[in-house]
Amino acid sequence: MQYSHLQDLNQAQLRAVEHDPNIPLQILAGPGSGKTKVLTTRIAHLISQRSIEPSSICAVTFTNKAANEMRERLSKLIGMETTSLIRMGTFHALCAMFLRRHANLVKLNGNFTVCDSDESKKIVSKLLKAHRVKLATKAITLREEAVLSLISKAKSKGHSPDDVLDMLEDPSKRRKAQKKADIGSISALIDQTIATLYRDYERTLRDNNSLDFDDLLIYGVRLFRDHRKVGKWCKHILVDEFQDTNTMQYELMQHIAAANRCVTIVGDPDQSIYGWRSAEVENLQRMRQDFPSTIQILLEHNYRSTGSILAASVAIVAQDKSRIPKTLHTQHAIGPNPTLQAFPSEYEEATFIATEIKRLLAATGDMLKWSDFAVLLRYNSLSRAIESALQQQGIPNRVLGGHKFFERSEVKDILAYMQVIDNPQFIPAFSRAVNTPSRGIGEKTISEMLTRAATLNLSPLEVAERIYDEQMPDIKPPVRRKLKSFIEPIKNLRKLANNGELPSNLIRTLLDLIHYENHLKKTQPDADSRWDNVQELINFAREFEVNESSNLQLPESPLPGERVAGENDWEDHPDEFDHNAFDEDGIAEIKPGANSKLASHRDTPLRLFLQASMLSTDVQTQDSRADNNKVTITTCHAAKGLEWPVVFVPAVEKGTFPSSRAEDVEEERRLLYVACTRAQGLLYLSHSTGRMVSGETKPQEISEFIWVVKRSTPGLFSATPPNLSREDRTLLASVLHRDAPDEAKVSQRLEEHYRTAGQTSWSSRPGGSTNRYRQPPSTSNFMPNSDAALTSTSYQGNLYFGSRTRHQPHAFVLQRRLHQQSHINPVQIKYTLFLEPHCRRPEVPSSTPRLGKLYPTNRTRKL
DNA sequence: CAATGGGTGGTTTTT
DNA sequence: CCACCCATTG
């Protein structure tokens with residue numbers, strides 16, 4: 001490795017990079033201490049100085065995004081080709097790819113489908129119905145999410161359904177708290193029910209040839225634990241965000257590292273924010289026990305933030321009494337204090353953020369751009385007011401997270417077809433696809449098919465096919481003919497898929513065969529944007545194909561879904577292979593020779609694509625690729641590991657920070673710490689004294705996290721935004737490693753800003769009351785005036801102000817939706833008006849009908 | 001039996 | 001603004 005890469009490391013970082021690979025290493029890295037840099041440089045070091053094969057290195061990240069970033073950074077250090085050999089990804093993705101390859105070793109089928117939480121929820125919901133009556137008599141209602149979360153917790157700890165049931169039956173094994181509860185009491189009934197649900201849920205998943213996220217880890221542990229060969233390739237494993245690993249992930253690390261026990265982990269207990277997902281900070285301690293020679297290196301030098309941001313952040317987290325005190329230094333100057341402001345409502349708060357962003361652009365003479373700003377929220381639904389305000393002021397923005405791309409119904413429709421083709425046993429996909437678009441196959445018919453499938457031990461798809469092929473009697477209300485438009489496309493696509501057709505082409509063919517675009521137009525008001533999403537899915541597939549196929553040409557490629565160690569190992573050392581490990585169910589005959597053939601059958605591009613789809617959370621849209629100069633709105637959780645020059649954290653209020661549902665208050669405090677430490681140059685905390693909570697404006701108090709700090713150390717925050725003096729600008733530039741802005745430009749932009757502010761920003765108009773936005777003078781507003789454009793034919797229609805979907809962010813444009821239902825009387829027209837409080841005077845395209853009057857509302861209102 | 005529309009209630013955080 | 005439940009209609 002070139003000297004230059006090591007040159008700009010500090011001493012601690014350098015020690016971490018060059019640390020003896022054979023001695024387990026814990027790097028405890030505070031925020032902004034360059035941990036990713038250390039991790040990547042260490043990997044480069046291992047390869048170039050310690051002669052470790054890239055393909056023997058396993059790098060585990062917490063999210064796909066982090067994996068991609070690491071891949072990018074490494075590419076710059078050691079080149080794309082070498083980088084692509086490293087086995088990199090999330091624990092889930094790594095498990096998934098090894099499980100595909102070695103499915104038979106843990107009695108799975110290679111074509112298992114990864115079940116997402118939506119489908120899990122539906123499964124639980126179905127199972128829950130059987131218990132509902134019994135529970136209702138005791139006035140208990142169990143919500144699916146609650147059940148699922150308990151199941152997930154059990155699974156993350158490695159408790160099987162039997163373990164849980166045993167614990168219930170044998171009171172001596174119970175925890176004390178549970179012991180107190182009388183047997184037969186309500187809580188015992190709940191426990192019993194949940195244990196049963198857990199068992200049935202697992203059974204259902206297996207019947208569906210499916211694994212949920214937790215299963216990927218559980219089966220991964222089994223695979224690596226019971227079949228040492230599978231992990232033999234690993235000479236060094238590096239784990240990022242170690243403080244957020246759960247028990248299963250810890251064990252995975254152990255078993256993958258088993259052969260050489262060469263481990264590097266990076267973590268920061270102060271940033272552990274995933275306890276609710278069964279992450280255990282204790283894993284840091286546990287590692288030191290399990291790997292007794294572990295060395296700790298502390299990275300305490302923060303390169304990211306100004307002194308005042310760091311001081312405020314540390315003051316927040318230091319309130320945690322159980323925290324192990326740690327130091328963090330910064331080389332940067334103090335800089336302007338973080339701002340702490342109160343607003344009367346979320347709208348003023350949001351409006352302030354929007355105008356402040358504009359002001360900062362001006363005040364820095366455009367040294368800052370839109371993408372330098374982030375708004376970090378405790379939860380996604382807080383984004384509405386922010387999005388709305390940014391839209392209002394024409395600030396480009398993007399919401400990260402939120403409802404995920406892959407959870408959108410149009411995307412799920414397409415994926416369901418793909419899943420059915422790949423894994424006909426996966427019932428959720430079958431049930432969805434079989435009647436999309438509507439074929440007149442309803443609930444009853446589907447459940448009849450499912451029952452037949454269960455009793456005959458066939459996949460539901462086979463049942464449908466047999467009915468269609470007349471190999472099986474039809475169902476009472478004849479359904480055979482209706483199945484034609486389902487079975488024919490499936491047969492077609494299946495053939496293509498088995499011949500290794502590219503997923504993108506499969507999707508295109510599918511869209512054609514089932515006339516999906518038509519279906520959207522007929523059924524969805526926002527068909528255009530939904531169709532865009534479908535196109536985006538094709539783009540995702542294309543991108544995937546390009547990346548994947550280039551990797552496939554490499555003999556030992558590491559990317560998710562890629563052919564990995566197992567196969568080559570078997571061929572290299574066939575005698576070493578443990579044949580007993582195979583299960584008894586007939587697949588046992590697989591020999592190294594036969595395997596490659598089978599493998600080629602297994603790893604259809606479709607399957608790899610589906611796996612990637614299920615494991616990736618978000619997708620880069622065409623839009624964001626073309627123009628990513630946008631303000632980021634996202635959750636504090638999703639912001640982990642990222643940084644921005646300017647960060648806003650709104651809603652720092654009781655009930656939000658900490659969340660009223662949070663179990664662990666200290667974790668919430670750390671979450672706020674994580675959010676604050678994302679900021680490089682400027683940090684704005686704000687709270688509102690009133691906030692709309694489920695339709696009702698409720699008074700809000702400032703978060704105790706801040707209140708306590710503010711009281712004990714008053715000087716940490718400033719009550720007004722920084723005026724951004726020349727000195728501030730220079731500091732900002734130095735923190736960001738940018739050139740200081742041109743002074744003439746600053747004054748020119750500022751002048752321009754204040755000249756136009758009054759016009760563009762209606763919030764700054766004088767004389768408004770708090771609720772002026774929610775009760776606008778009705779005369780100055782609009783409402784559809786039906787007739788003009790709408791008279792001619794007969795239809796039902798909806799009019800929307802601002803379909804505020806993330807993938808089509810053109811809010812406040814009037815959209816018209818027409819239902820062609822010619823039998824309906826022409827005069828019968830219905831409108832729905834979605835009007836956000838911010839939407840005062842929407843731009844109405846001239847092509848749409850003129851509007852009469854508006855009924856003041858802050859909610860949906862029908863006319 | 002299926003489709004559709006209307007009404008309603010409810011949202012932490014994520015692989 | 002979704003997902004879900006219900007009533008009505010085809």
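Numbers restart at 1 for each chain; the letters A, B, ... are given by sequence-line order, proteins then strands.
Using a 4.0 Å heavy-atom criterion, one finds that T63(A) contacts the sugar-phosphate atoms exclusively. Using a 4.0 Å heavy-atom criterion, one finds that F62(A) contacts the sugar-phosphate atoms exclusively. Nucleic acid contact for N64(A): none, since no nucleic acid atom lies under 4.0 Å from a heavy atom of the residue.
Of the candidate nucleotides dT11(B), dT15(B), dT14(B), dT14(B) has the atom nearest to the side chain of A638(A). The side chain of T90(A) sits closest to dT15(B) out of dT14(B), dT15(B), dT11(B). The side chain of F213(A) approaches dT15(B) more closely than any other nucleotide in the set dT15(B), dT14(B), dC1(C). The listed nucleotides are dC1(B), dT4(B), dT14(B); the one nearest the side chain of S438(A) is dT4(B).
F540(A) has its ring centre no less than 6.0 Å from the ring centre of F405(A). Ring pair F112(A)/F426(A): centre-to-centre distance not below 6.0 Å.
Taking 4.0 angstrom as the limit, T635(A) places a side-chain polar atom (N or O) nearer than this to OP1 or OP2 of dT14(B). At dT11(B), one or more side-chain N or O atoms of R143(A) fall inside 4.0 Å of OP1 or OP2 (strictly under the cut-off). Distances shorter than 4.0 Å separate some side-chain N or O of N435(A) from OP1 or OP2 on dA3(B). OP1 or OP2 of dT11(B) has not a single side-chain nitrogen or oxygen of N380(A) nearer than 4.0 Å. The side chain of T445(A) places an N or O atom within less than 4.0 Å of a non-bridging phosphate oxygen (OP1 or OP2) of dA2(B).
One interatomic measurement links the two molecules: CZ of R384(A) to P of dC1(C), which rounds to 5 Å at whole-angstrom precision. In this structure, CD of Q524(A) is placed 15 Å from P of dA3(B), rounded to the nearest angstrom. Rounded to whole Å, atom C1' of dA3(B) lies 16 Å from atom NZ of K444(A). The distance from atom CG of L376(A) to atom P of dT14(B) is 12 Å, rounded to the nearest whole Å. Between the P atom of dT15(B) and the CG atom of D215(A) lies a distance of 18 Å, rounded to the nearest Å. As a whole-Å value, the separation of Y379(A) OH from dT14(B) P is 14 Å. Atom-to-atom, CD of Q271(A) to P of dT13(B) comes out at 20 Å; the value is rounded to the nearest Å. Atoms NZ (K482(A)) and P (dC1(B)) sit 11 Å apart, rounded to a whole Å.
For G442(A) and L671(A), each mapped to the nucleotide of DNA chain B holding its nearest heavy atom, the one lying further toward the 5' end belongs to G442(A). Mapping I446(A) and S117(A) onto DNA chain B by nearest heavy atom places I446(A) at the nucleotide closer to the 5' end.
Between D528(A) and K521(A) there is no salt bridge, since no side-chain nitrogen of the basic residue lies less than 4.0 Å from a carboxylate oxygen of the acidic one.
For the pair M97(A) and L608(A), the minimum side-chain heavy-atom distance is 4.5 Å or more.
In terms of modelled atom types and a separation under 3.5 Å, the side chain of T63(A) and the main chain of A66(A) share a donor-acceptor contact.
Once rounded to the nearest 0.5 Å, the distance linking NZ of K640(A) with CG of L376(A) reads 14.0 Å.
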